[in-house]
S.K.: 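Have a look at this one.
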Amino acid sequence: MFTLLKKDLSFNYFHFIIAIALTIIIPVGFYIEDAGNFAYWMYFFAPFMACVIYINRVCYTDDAPITRMFLKSLPIKRIALVLSKYINAVFILILAMLIISVCSLLLGLTFSLGGILLSFSFLMFYYSIYMFLYFRFNYNAAQKTSIIIVFISMGIAAIVGRLDIAIEFGIIDNAIFIIACIIFSLTAIVVSVRASLKR
C-alpha cells in the first residue's frame, strides 16, 4: 500500500506541488480581491482544483496501457490498488482544507468548520463516484464528471453573485451537522470502495 502511494507521488510530484500551491494562491487571491460574500467559495473551489490537478493526474497515469500492464505484473491485490487511490483523495483533501483554514485565519477571511466539512463531504461524495467510474470503466469515463462539476459550480457561483445571496455558515457550525458530514463521507467511501472492488 505504502509503495503504491509513494509511486503515485513520485510519478506525479510536479502536479502535487502545483495542487498545494493553488490552495495557498486561491485564498490569497480572494483576500486581494476583497471577495466578501464569495470568500466561502474557496472552501470548495481550492480543494476541488487541488484534487483535479493531482488525483485526476494520478488516475490518468495509472490508466495508461503500459502502467496497467506493469501493475498487473506486480503481486498487488486489487483492493490495494483501489484503497491507494481513495487514500490519495482523502489525503489531498484534508491537506488542502488544512492549508485553506490556516490561510483563512492568517488573512482574516471567513472561517467555518461547518463550511469546511460541508465541502469535504461533497467532494468526498463526488470522488466516490469518480473512483467508481474509474475502476469500473476507465479514466475518460470518470473525467467527464469533473467537467460536469465545473459547469455546475460556475452556474451556482453566477447565480449567487447575480442575486447577491448571503451565505451564512453559522447555522451549520454545530456538532450534529459536523457529525453528519463525517458519517456521510465515510459511508460514501465505504460504498464506493465495495462497488469498485467488483470487476
S.K.: Is R57 salt-bridged to D62, cutoff N-O under 4.0 Å?
M.R.: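 The answer is no: the pair does not qualify as a salt bridge.
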S.K.: Which atom names give the shortest non-hydrogen contact between N88 and Y54, and what distance separates them?
M.R.: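 Nearest pair, atom of N88 first, then Y54: OD1-OH, 3.8 Å.
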S.K.: May I ask you to test the F16-V58 pair for a side-chain heavy-atom distance under 4.5 Å?
M.R.: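 No. Closest side-chain heavy atoms not under 4.5 Å.
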S.K.: Verify the distance criterion only: is there a donor paired with an acceptor across the side chains of N138 and D63 at less than 3.5 Å?
M.R.: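 The criterion, which ignores hydrogens and geometry beyond distance, is not satisfied for D63 and N138.
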S.K.: Can you name the nearest heavy-atom pair linking T61 to F11, along with the distance?
M.R.: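 Smallest interatomic distance, heavy atoms only, reads CG2-CD2, 4.1 Å.
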S.K.: List the atom of V82, the atom of S196, and the distance in Å for their closest heavy-atom pair.
M.R.: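 So the two residues come closest at CG1-CB, 4.0 Å.
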S.K.: Measuring only between side-chain heavy atoms, which start at C-beta, is P47 closer than 4.5 Å to F120?
M.R.: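 With C-beta onward as the side chain, the pair stays apart.
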S.K.: Find out whether F45 and I100 are in side-chain contact, i.e. whether some heavy atom of one side chain is under 4.5 Å from a heavy atom of the other.
M.R.: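 No; the side chains remain at least 4.5 Å from each other.
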S.K.: I need the L197 CG to F132 CZ distance, nearest 0.5 Å.
M.R.: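 The CG atom of L197 sits 11.5 Å away from the CZ atom of F132.
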S.K.: Looking at every non-hydrogen atom in both residues, tell me the closest pair between C59 and K85 and how far apart they are.
M.R.: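 In this case the closest contact between C59 and K85 is SG-CD, 4.3 Å.
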S.K.: Can you label the angle between the Y139 ring and the Y60 ring as parallel, tilted or perpendicular, going by 30° and 60°?
M.R.: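 If you compare the ring of Y139 with that of Y60, the planes turn out perpendicular.
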S.K.: Determine the minimum heavy-atom distance between T23 and A50, stating which atoms define it.
M.R.: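 Here T23 and A50 meet closest at CG2-CB, 3.9 Å.
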S.K.: Do the rings of Y130 and Y127 sit parallel, tilted or perpendicular, given the 30° and 60° boundaries?
M.R.: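 Geometry flag for Y127 against Y130: tilted rings.
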S.K.: Is it the case that S128 and Y86 place a side-chain donor and acceptor less than 3.5 Å from each other?
M.R.: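 No, no side-chain donor-acceptor pair sits under 3.5 Å.
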